[in-house]
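What's counted below: heavy atoms across the whole structure, side chains too, no hydrogens, waters or symmetry copies. Worth saying up front: this structure is predicted, and the values here are computed from it rather than measured. Just so we're on the same page: letters track the sequence lines, and every chain starts at 1.
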Amino acid sequence: MSLRKQYWLMKSEPSDFSIDDLKSCKSTCWSGVRNYQARNYMRDEMKIGDRAFFYQSNAKQIGIVGTAKVIKEGYADYTAWDPKDKHYDPKSSPEKPVWFMVDIEIIKTCRKIITLNRLKSITELNHMGVVQRGNRLSVQQVSPEAWETILKLPEWN
DNA sequence: GCCAACGTTGGC
DNA sequence: GCCAACGTTGGC
C-alpha cells in the first residue's frame, strides 16, 4: 500500500455532468463508469486525499476545467442494478457487484479551460494518456510531474 | 455528424 | 484462445 498521494484524470461529458454541476453539489459519486481498467483504478487504487483533474470530453471546448479530491474510496456502483438507469448492467448485483465508484469533492475550477491542444503543446506532458491518440480510458493515472506542470499553468489564476 | 480507434462479445 | 463483428468513445 502506498501512502503517497496519487493523481488522476477523470473524464466527463458536460452534457452529462459538468464542472459547474460539481461546483454546485460540491461532491458526488463518480457513477456510470463501465470500463474494467477504469473500474480497477477506482476499486483498488484511488485513495482518500488523491487528487484528480476534471476533464471535459465531447464538448465544444475540450480539456481540463478543474481539480477534485477523492473523499470516499471504491464501493459498489449501485446505478448498475437499476434497470431504469442509463448505465444498468444485469451482470452486476448487490451480492456480486461488478462496477465500482469513488466519491470526489471539488477543489477548484480553472479560470480558463486548459484545452487538449494546450496540453499537447507542452513537451513534458507528451507521456500523458489523455494526449495520446485514440485514448478512451475515462479514469487515467497522472504522474506527479505532469500534475505539477499543469498546476503551474496560468489558466488557474 | 463523421469516423478512427478502441473494448467487448460470442461463434468457432 | 482466436478473431471478426459490433457498439462506444470522443476528437474533429
Side-chain angles (χ1 to χ4, degrees), chain A residues 6-25 28-46 50-70 73-104 106-143 145-147 149-151 153-156:
Chain A
Q6 304 174 100
Y7 303 98
W8 307 91
L9 180 142
M10 300 168 91
K11 294 184 192 173
S12 182
E13 306 194 9
S15 61
D16 194 40
F17 188 82
S18 71
I19 188 79
D20 287 334
D21 292 332
L22 182 60
K23 213 158 135 188
S24 40
C25 64
T28 185
C29 59
W30 204 252
S31 64
V33 173
R34 299 292 178 266
N35 169 283
Y36 288 102
Q37 177 69 66
R39 177 210 60 183
N40 292 348
Y41 285 149
M42 292 200 289
R43 186 191 58 189
D44 308 329
E45 306 285 340
M46 296 178 83
D50 282 2
R51 301 293 198 246
F53 288 125
F54 191 110
Y55 177 93
Q56 63 177 41
S57 62
N58 246 321
K60 211 169 216 167
Q61 293 244 79
I62 295 156
I64 291 172
V65 289
T67 51
K69 64 181 169 193
V70 176
E73 294 175 9
Y75 64 107
D77 180 347
Y78 47 76
T79 67
W81 309 331
D82 178 2
K84 290 191 288 293
D85 193 278
K86 188 181 163 199
H87 302 286
Y88 173 61
D89 182 356
K91 287 196 301 295
S92 188
S93 67
E95 296 72 34
K96 277 195 130 191
V98 174
W99 303 112
F100 288 75
M101 58 188 175
V102 297
D103 286 0
I104 60 165
I106 186 95
I107 297 178
K108 70 188 290 190
T109 57
C110 297
R111 182 181 51 77
K112 186 167 168 285
I113 183 171
I114 301 168
T115 65
L116 179 58
N117 277 339
R118 175 96 158 102
L119 295 173
K120 284 178 176 168
S121 75
I122 300 169
T123 326
E124 300 98 288
L125 302 178
N126 279 348
H127 68 281
M128 277 190 88
V130 77
V131 306
Q132 316 288 333
R133 183 152 192 256
N135 194 308
R136 293 168 41 177
L137 194 56
S138 66
V139 178
Q140 306 186 1
Q141 294 174 301
V142 171
S143 70
E145 294 76 20
W147 181 266
T149 301
I150 292 169
L151 276 195
L153 298 176
E155 279 90 335
W156 294 99

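- Proximity of A:Arg133 to the phosphate of B:dA5: a side-chain N or O atom is located under 4.0 Å from OP1 or OP2.
- Following rounding to the nearest Å, A:Ile62 (CD1) and C:dT9 (P) show an atom-to-atom distance of 15 Å.
- Close to C:dG10, at under 4.0 Å from its OP1 or OP2, lies a side-chain N or O of A:Lys11.
- Phosphate contact (OP1/OP2 of C:dG11, side-chain N/O of A:Tyr55, threshold under 4.0 Å): present.
- A:Lys120 comes within contact range of the sugar-phosphate backbone alone, with a heavy-atom separation under 4.0 Å but no base atom that close.
- Of the two residues near DNA chain B, A:Gln37 and A:Asn58, the one whose nearest nucleotide lies more 5' is A:Asn58.
- The residue among A:Asn135 and A:Lys91 whose nearest nucleotide of DNA chain B is located toward the 5' end is A:Asn135.
- The neighbour count for A:Gln61 CD, taken as heavy atoms of other residues, nucleotides or ligands under 6.0 Å away, does not exceed 12.
- Environment of CZ in A:Phe17: crowded, with over 12 heavy atoms of neighbouring residues, nucleotides or ligands closer than 6.0 Å.
- Per the geometry, CG belonging to A:Asn40 stands 13 Å off P belonging to B:dG7, to the nearest Å.
- Looking at the side chain of A:Tyr36, the nearest of the listed nucleotides B:dT8, C:dG10, C:dC12 is B:dT8.
- Rounded to whole Å, the distance from CD on A:Gln132 to P on C:dG11 is 13 Å.
- Using a 4.0 Å cut-off, no side-chain N or O of A:Lys86 falls inside it from OP1 or OP2 of C:dT8.
- A:Glu45 contributes no side-chain N or O that, together with a main-chain N or O of A:Met42, makes up a donor-acceptor pair within less than 3.5 Å.
- Within the 4.5 Å cutoff, no side-chain heavy atoms of A:Val65 are placed close to those of A:Thr109.
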